[in-house]
Amino acid sequence: MEICQLSGHFFSGIPLQFNYRLRKSARTPRFLTYANGVSCYQTEKTGQDSQNRMFILGMGFVGQFFAEELRNEGWIVSGTCTSMKKRNELQERGLDVLLFDANQPEMGTMNTLKSYTHLLVSVPPIMGIGDPMLQHGELLRSTMIDGNLQWLCYLSSTSVYGDCGGACVDEDFLASPTNEMAKLRLVAEQGWLNLAHDVGIKAHVFRLGGIYGPGRSAVDTIIKQVPLSESQKRRVAKQFTSRVHVADICQALKASIRIELSRRIYNIVDDDPASRKEVFAYALDLVEKKWPSLVKEITSHERAEPFVQKTTLKGEKRVSNAHMKNELAVQLLYPSYKSGLQSIIDQIENPF
């Protein structure tokens, strides 16, 4: 991949306004309220115990993968979701999950957050509102001041750069989002960075490319013969789409915890921006080679039509990951969609 060295200016966004007051230097004992309503007395911890407690706002695809990795490494991990059905499913997998509505945050959950040292924010903006947590800025700020947080990361998107005509962009490139959701993400980035700075904790923003991984990939879409969503159909027309395997997102998150740098923005993408057409053509070839009987069930034209269609491709952007590699020292597990998809299909024993 061509390494980009670009100059430019970072979009400062719209800083949130808070009532400033000094962060408390002394910590007091507190009560923890868990999802089952049971409270227990919690005192200040030091050493390794205080460094290994992760709270994930928004237990989506990345959050679940990250939670399981951290639990395997001995972390205490909790997270949130918005439906009882999903909460039950995640708890069956051994994950500690709380029901939480970011539009109307409950004090029990906010109090629980105080005992955690690390916070991953994976909640998308809401049209007409913006970031649902930042609208409760003073409540959030007081919770963070009274708690034990040391690190925060907000998961954003490379969509904040907008259409750059196929140019190669890095984190210094002027962000010019072209749709409302991307504009809200850009504002949220600055809001979380400002909030973390105000309360004195280390913070990062990750601008993620298209996320894929086991159960969520071009291979899975072809096997399940799932129709493309409207957003997926729109992405077909893009000449360059930067993407990243969920395992590489997780290793980048862990690397950002270890470094001393703060208020950093990182593009988290692989080395191989490619069109959706190219990716699905490769995935289709993998499926054909592994399960010939599966692909014979439908004609080649019917199989390929939803995924590899003729279209006039328009260049959008190629996203540089140089800062991720240089500052976080991340060595990609899956530098290309080819290695990522190969790994995914290797793990699938029965496609039915």
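We use all heavy atoms of the structure for the numbers below, so side chains are in, but hydrogens, waters and symmetry mates are not.
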So do the side chains of Val77 and Leu95 get within less than 4.5 Å of each other, counting heavy atoms only?
no
Identify whether Ile126 and Leu99 are in the same connected component of the hydrophobic contact network (ILVMFWY, side-chain heavy atoms under 4.5 Å).
no
Would you confirm whether Lys202, through its side chain, and Ile257, through its main-chain N or O, come within 3.5 Å as a donor-acceptor pair?
yes
Whether the side chain of Ser343 engages the backbone of Ser339 through a donor-acceptor N/O pair (distance < 3.5 Å, no angle test) should be reported.
no
Would Val160 and Met127 show up in the same hydrophobic cluster when neighbours are defined by side-chain heavy atoms closer than 4.5 Å?
no
To the nearest 0.5 Å, what is the distance between OG (Ser217) and CD1 (Ile344)?
4.0 Å
Please report the closest heavy-atom contact between Ser122 and Leu155, naming both atoms and the distance.
OG-CD1, 3.7 Å
Assess whether side chain to side chain contact (heavy atoms under 4.5 Å, CB included) is satisfied between Leu332 and Val330, documenting all intermediate values.
CA-CA 6 Å; Leu332 291 168; Val330 169; 4.3 Å; yes
Might you work through the side chain to side chain contact (heavy atoms under 4.5 Å, CB included) test for Leu134 and Tyr154, ending with a clear yes or no?
CA-CA 12 Å; Leu134 291 179; Tyr154 174 72; over 6 Å; no
Side-chain heavy atoms of Val205 within contact of Arg264, under 4.5 Å:
no
Is it the case that one hydrophobic cluster holds both Leu333 and Val279, taking links as side-chain heavy atoms less than 4.5 Å apart, direct or via other members?
yes
Is it true that Gln190 and Asn194 share a donor-acceptor pair across their side chains at a distance under 3.5 Å?
yes
Quick note, salt bridge (charged side-chain N to carboxylate O under 4.0 Å, His left out) partners involving residues 333-352, not counting sequence neighbours, are none
Could you tell me which non-hydrogen atom of Phe206 sits nearest to which non-hydrogen atom of Ile249, and how far apart they are?
CE2-O, 4.4 Å
Side chains of residues 177-188: which donor-acceptor partners sit under 3.5 Å, not counting sequence neighbours?
{"unit_1": "Asn179", "atom_1": "OD1", "unit_2": "Met181", "atom_2": "N", "d": "3.2"}
{"unit_1": "Asn179", "atom_1": "OD1", "unit_2": "Ala182", "atom_2": "N", "d": "2.8"}

For a quick test of reading the model, state the closest non-hydrogen atom pair linking Leu140 to Met133 and the distance between them.
CD1-CE, 3.8 Å
Would the distance check show the side chain of Arg243 and the main-chain N or O of Ala274 forming a donor-acceptor pair, the cut-off being under 3.5 Å?
yes
What one should report as the nearest heavy-atom pair of Asn267 and Met324 is O-CB, 3.6 Å
Assess the side chains of Ser320 and Asp170: does a donor N or O sit below 3.5 Å from an acceptor N or O?
no
Please name the pair of heavy atoms, one in Gly60 and one in Lys86, separated by the smallest distance, quoted to 0.1 Å.
CA-NZ, 3.8 Å
Identify whether Ile129 and Phe100 are in the same connected component of the hydrophobic contact network (ILVMFWY, side-chain heavy atoms under 4.5 Å).
no
Quick check against the 3.5 Å criterion: does Ser256 have a side-chain atom that pairs as donor or acceptor with the backbone of Leu253?
yes
Lys290 meets the salt bridge (Lys or Arg N to Asp or Glu O under 4.0 Å) criterion, sequence neighbours left out, with none
Straight-line distance of Ile222 CD1 to Glu288 CD, nearest 0.5 Å:
8.5 Å
Pi-cation contact, Phe61 with Arg216 (under 6.0 Å, within 45°):
yes
Look up atom CG in Leu120 and atom CH2 in Trp151, then write down how far apart they are to the nearest 0.5 Å.
5.5 Å
Would Trp192 and Asp131 count as a side chain to side chain contact (heavy atoms under 4.5 Å, CB included) here? Give the steps.
CA-CA 9 Å; Trp192 282 104; Asp131 188 284; 3.0 Å; yes
Should Glu189 and Ile265 count as side-chain neighbours, where that means a heavy-atom distance under 4.5 Å?
yes
Test item: Leu341 and Tyr282 side chains (from C-beta on) under 4.5 Å apart, heavy atoms
yes
Compute both the distance and the angle, then confirm whether Arg207 meets the cation-pi test with Tyr266: under 6.0 Å from the six-membered ring centre, within 45 degrees of the axis.
no
Evaluate the criterion side chain to side chain contact (heavy atoms under 4.5 Å, CB included) for residue pair Cys164 and Val169; output intermediate values, then yes/no.
CA-CA 8 Å; Cys164 305; Val169 303; 3.8 Å; yes
Starting at OG of Ser115, measure out to CZ of Arg53 and round the result to the nearest 0.5 Å.
4.5 Å
Check: Asp271/Asn321 side-chain N/O donor and acceptor closer than 3.5 Å:
yes
Minimum-distance pair of heavy atoms, taken over all atoms of Ser78 and Leu98
CB-CD1, 4.3 Å
Please check: side-chain N/O of Asp220 versus main-chain N/O of Gly215, any donor-acceptor pairing under 3.5 Å?
yes
Are the side chains of Met144 and Leu195 in contact, using a 4.5 Å heavy-atom criterion?
yes
Between Tyr337 and Glu278, do the side chains contain a donor N or O and an acceptor N or O under 3.5 Å apart?
yes
For the backbone of Gly162 and the side chain of Lys317, can you confirm whether one donor and one acceptor N or O come within less than 3.5 Å of each other?
yes
Answer yes or no: is there a side-chain heavy-atom contact under 4.5 Å between Tyr116 and Ile56?
no
Distance flag, aromatic centroids of His118 and Phe55, threshold under 6.0 Å:
no
For Asp285, all residues meeting side chain to side chain donor-acceptor pair (under 3.5 Å), sequence neighbours excluded:
Lys289
Ignoring hydrogens and angles, tell me if any N or O in the side chain of Gln104 forms a donor-acceptor pair with the backbone of Asp101 under 3.5 Å.
no
Heavy-atom donor-acceptor pair, Gln64 side chain to Met59 backbone, under 3.5 Å
yes
Could you state the interatomic distance from CZ (Arg141) to CG (Asp146), rounded to the nearest 0.5 Å?
10.5 Å
Please tell me if the side chains of Lys254 and Glu73 come closer than 4.5 Å, counting only heavy atoms from C-beta onward.
yes
Less than 4.5 Å apart, side chain to side chain, heavy atoms only: is that true for Thr109 and Leu113?
no
Exam field: side chain Asp248 to backbone Tyr334, donor-acceptor pair closer than 3.5 Å:
yes
Report the residues that fulfil ring pair (Phe, Tyr, Trp, His ring centres under 6.0 Å) with Phe65, sequence neighbours left out, ordered by chain and then residue number.
none
Sequence neighbours excluded, which residues qualify as salt bridge (Lys or Arg N to Asp or Glu O under 4.0 Å) partners of Arg258?
none
Starting from Leu328, can I reach Leu261 by hopping between I/L/V/M/F/W/Y residues whose side chains sit under 4.5 Å apart?
yes
Atom CE of Met54 and atom CG of Leu70: how far apart are they, to the nearest 0.5 Å?
5.0 Å
Do side-chain atoms of Thr117 reach the backbone of Leu149 as a donor and acceptor pair under 3.5 angstrom?
no
